[in-house]
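Working notes for the structure below.
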Number of protein chains: 2
Amino acid sequence: MREYYSITELTREFDISTRTLRFYEDEGLIQPVRRGRTRLFRPTDRHLVKQIMRGKRLGFSINEIREIIQMYKEPPGEVGQLNLMIKRIEEKREDLRQKRRDLEETLAELDHAEEACVERLVELGVTT
Amino acid sequence: MREYYSITELTREFDISTRTLRFYEDEGLIQPVRRGRTRLFRPTDRHLVKQIMRGKRLGFSINEIREIIQMYKEPPGEVGQLNLMIKRIEEKREDLRQKRRDLEETLAELDHAEEACVERLVELGVTT
DNA sequence: CACGGCATTTACGTAAAAGTCAATCGATCA
DNA sequence: TGATCGATTGACTTTTACGTAAATGCCGTG
């Protein structure tokens with residue numbers, strides 16, 4: 001496991017801009033350390049970026065991603081806080097389950113659409 | 001099956017504003033008919049709205065949703081167009097499969113986070 | 001030491017997707 | 001007939017998530 005990644009390494013790996021990484025830092029999603037003024041990204045920062053990109057692909061906003069990231073962190077020490085966190089996690093999971101239903105339905109409709117296209121090709125006498 | 005829905009009926013059903021429905025009309029995603037100036041939404045418009053909301057939850061942009069909706073329509077009559085459409089459909093499906101992987105990974109991490117919370121509660125001697 | 005290349009900060013810009021507000025119109029109820 | 005309710009249009013505003021530009025810092029190489 002590498003100790004540090006440069007900002008450009010991460011921009012290449014995740015196909016995002018430096019601006020985007022600095023933006024995520026401003027938003028408090030990642031906390032790269034500094035050597036002088038230069039940012040040094042540790043493996044945990046890299047992993048966070050990976051999680052952020054996943055969240056983005058799933059259509060979560062920065063705020064929602066921030067919430068999700070909170071959940072991955074060490075669980076709090078107090079009972080009330082723990083129960084609250086469990087509740088929040090359950091909510092997010094329900095959210096994700098809805099997305100999964102949406103996803104399966106969309107996939108099914110696309111399957112259907114593709115079949116219709118293929119059938120149409122057959123009608124037109126195209127040798128597959 | 002109802003013949004027409006009013007704009008407010010649909011805003012209530014989908015929990016969106018009238019502004020949003022008009023916006024979708026401006027964007028050409030739906031084409032409600034008119035009685036005078038009043039919009040009348042047919043079942044097909046309602047179904048389109050349902051598909052739009054699904055797309056939104058999955059993080060697709062309006063343009064992407066527009067593309068997807070195109071794919072649900074009648075397949076074109078020309079062979080080149082049909083092959084192009086099949087290619088586009090396959091791309092979208094790959095996109096959705098990526099989302100599905102993201103989704104499963106996120107769900108797994110949330111499961112993990114919840115377990116950690118529950119364990120912590122046990123450590124604290126909370127009777128479940 | 002000058003230079004190229006990467007990095008930084010600050011500041012302003014922008015596209016997408018609506019929200020909000022004001023003025024108006026038309027149908028209907030009392 | 002006047003008031004009220006729902007709908008419409010148009011203009012302006014807002015939020016999110018960065019993009020872009022300008023000016024400058026840091027550093028290894030020849």
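Nothing here was measured: the structure is a model prediction, and the numbers come from that model. Convention: sequence-line order gives letters A, B, ...; per-chain numbering from 1.
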(request) Would you kindly give the CZ-to-P distance between B/Phe14 and C/dA18, to the nearest whole Å? (result) 14 Å

(request) Would you check if the side chain of A/Arg42 reaches a backbone N or O of A/Gln31 as a donor-acceptor pair within less than 3.5 Å? (result) yes

(request) Respond yes when some side-chain nitrogen or oxygen of A/Ser61 is under 4.0 Å from OP1 or OP2 of D/dT16, and no when none is. (result) no

(request) Would you tell me if any nitrogen or oxygen in the side chain of B/Lys56 comes within less than 4.0 Å of OP1 or OP2 on C/dA17? (result) no

(message) If we ignore hydrogens and angles and just use 3.5 Å, is the side chain of B/Glu64 paired with the main-chain N or O of B/Ser61 as donor and acceptor?
(response) yes

(message) Using whole Å, what does the distance between atom C1' of nucleotide C/dA16 and atom CZ of B/Phe23 come to?
(response) 7 Å

(request) Run the numbers on B/Lys92 and B/Phe60 for side-chain contact (heavy atoms from CB on, under 4.5 Å), then give the verdict. (result) CA-CA 11 Å; B/Lys92 271 297 163 219; B/Phe60 287 114; 4.3 Å; yes

(request) Return the value, rounded to whole Å, for the distance between atom CZ of A/Arg19 and atom C1' of D/dT20. (result) 9 Å

(request) Provide, to the nearest angstrom, the distance between the CD1 atom belonging to A/Ile52 and the P atom belonging to D/dA17. (result) 11 Å

(request) Round to the nearest Å and state the distance from A/Asp15 atom CG to D/dC18 atom C1'. (result) 14 Å

(message) Would you say B/Thr20 places a side-chain N or O within less than 4.0 Å of OP1 or OP2 belonging to C/dG19?
(response) yes

(request) Verify, without hydrogens or angle tests, whether B/Arg66 (side chain) and B/Glu27 (backbone) share a donor-acceptor contact under 3.5 angstrom. (result) yes

(request) Please determine if a side-chain N or O atom of B/Tyr24 lies less than 4.0 Å away from the OP1 or OP2 oxygen of C/dA18. (result) yes

(message) Without decimals, in angstroms, what is the distance between A/Asp26 CG and C/dA11 C1'?
(response) 13 Å

(message) Looking only at the side chains, is there a donor atom on one of B/Thr20 and B/Ser17 sitting less than 3.5 Å from an acceptor on the other?
(response) yes

(request) Write down the distance between CD1 (B/Ile62) and C1' (C/dA18), rounded to a whole number of angstrom. (result) 9 Å

(message) Working note: B/Glu67 + B/Asn63, criterion side chain to side chain donor-acceptor pair (under 3.5 Å); need CA distance, chi angles, decisive distance, verdict.
(response) CA-CA 6 Å; B/Glu67 282 174 34; B/Asn63 278 328; over 6 Å; no

(request) Provide, to the nearest angstrom, the distance between the CG atom belonging to B/Leu10 and the C1' atom belonging to D/dT8. (result) 16 Å

(request) State plainly whether the residues B/Arg88 and B/Glu91 are in salt-bridge range, i.e. N to O under 4.0 Å. (result) no

Could you go over nucleotides 4-8 of chain C and give all protein N or O partners under 3.5 Å, atom names and distances?
unit_1	atom_1	unit_2	atom_2	d
C/dA7	OP1	A/Thr8	OG1	2.8
C/dA7	OP2	A/Thr8	OG1	3.2
C/dT8	OP1	A/Arg39	N	2.8
C/dT8	OP1	A/Arg39	NH1	2.9
C/dT8	OP2	A/Arg22	NE	3.3
C/dT8	OP2	A/Arg22	NH2	2.9
C/dT8	OP2	A/Arg39	NH1	3.4
C/dT8	O5'	A/Arg39	NH1	3.1

